[in-house]
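Count residues from 1 along the sequence. All values derive from a computational prediction rather than experimental measurement.
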Amino acid sequence: MSDLVPCIGIVSVLLIIFGFLAFLRYMNYKETIALAERGLTRPEVKNGKGLLRWGILVTALGLALSLGLYFIGFSSGEHYPLRLGPWMLGGLVPLFLGLSLILSHFLFQKE
């Protein structure tokens with residue numbers, strides 16, 4: 001019974017978050033339909049900063065995970081070089097994915 005309370009709490013928080021995101025999508029859809037009924041279109045907003053923003057976010061997440069997971073090596077990573085075991089993949093994969101997004105922003109940037 002004591003394990004049920006955290007599970008219900010986590011599910012409730014996820015339902016609230018995804019419910020709010022679904023509501024935002026629905027309101028965006030209704031606004032687009034209302035504009036289309038009047039013969040108007042939604043103005044395009046493209047500033048080209050999407051890759052850079054996501055790259056910085058994912059890189060920061062990967063760096064934080066890498067720093068947090070590195071200390072696992074001090075307790076169980078005596079047999080790995082530099083104490084970098086397979087648990088580090090949880091931080092290194094998003095780190096390098098974010099770096100590739102930042103690099104692609106600068107490589108494909110239009111002037």
Side-chain angles (χ1 to χ4, degrees):
M1 184 67 179
S2 65
D3 293 338
L4 189 61
V5 174
C7 291
I8 291 175
I10 291 171
V11 169
S12 301
V13 168
L14 289 176
L15 279 174
I16 289 170
I17 290 171
F18 286 118
F20 182 70
L21 291 175
F23 176 72
L24 287 178
R25 281 290 294 235
Y26 177 73
M27 293 305 291
N28 192 12
Y29 166 76
K30 293 299 274 185
E31 182 181 350
T32 304
I33 295 298
L35 285 172
E37 288 174 351
R38 294 186 180 137
L40 303 172
T41 60
R42 182 180 298 270
E44 291 283 329
V45 178
K46 297 269 183 174
N47 59 3
K49 300 285 185 191
L51 283 178
L52 183 62
R53 287 182 182 159
W54 278 106
I56 291 171
L57 181 90
V58 173
T59 302
L61 176 71
L63 184 64
L65 283 172
S66 294
L67 289 175
L69 292 172
Y70 179 70
F71 295 107
I72 293 175
F74 289 109
S75 63
S76 63
E78 294 86 24
H79 304 292
Y80 295 102
L82 299 176
R83 299 183 189 271
L84 299 174
W87 55 85
M88 289 295 293
L89 288 175
L92 292 176
V93 169
L95 176 70
F96 287 106
L97 178 67
L99 289 175
S100 68
L101 285 173
I102 292 171
L103 180 67
S104 65
H105 168 76
F106 287 113
L107 286 177
F108 301 120
Q109 170 178 332
K110 294 181 182 172
E111 303 209 11

- Task: Would you mind listing the cluster partners of Leu40? Hydrophobic ones only (ILVMFWY), side-chain contacts under 4.5 Å, chaining allowed.
- Result: Leu35
Would you give me the side-chain donor-acceptor pairs under 3.5 Å for residues 4-32, sequence neighbours excluded?
| unit_1 | atom_1 | unit_2 | atom_2 | d |
| --- | --- | --- | --- | --- |
| Ser12 | OG | Ile8 | O | 2.7 |
| Asn28 | OD1 | Arg42 | NH2 | 2.9 |
| Thr32 | OG1 | Asn28 | O | 2.9 |
| Thr32 | OG1 | Arg42 | NE | 3.4 |
| Thr32 | OG1 | Arg42 | NH2 | 2.8 |

I'd like to know if [Y] and [X] are part of one continuous hydrophobic network [Ile/Leu/Val/Met/Phe/Trp/Tyr, side-chain heavy atoms within less than 4.5 Å].
X     : Y      : value
Trp54 : Phe108 : no
Leu92 : Leu61  : no
Val93 : Ile72  : no
Tyr70 : Leu63  : yes

Give every donor-acceptor pair under 3.5 Å between a side-chain atom in residues 94-104 and any protein atom, sequence neighbours left out.
| unit_1 | atom_1 | unit_2 | atom_2 | d |
| --- | --- | --- | --- | --- |
| Ser100 | OG | Phe96 | O | 3.4 |
| Ser100 | OG | Leu97 | O | 2.6 |
| Ser104 | OG | Ser100 | O | 3.2 |
| Ser104 | OG | Leu101 | O | 2.8 |

- Task: Any chance you could measure Leu52, atom CG, to His105, atom NE2, to the nearest 0.5 Å?
- Result: 4.5 Å
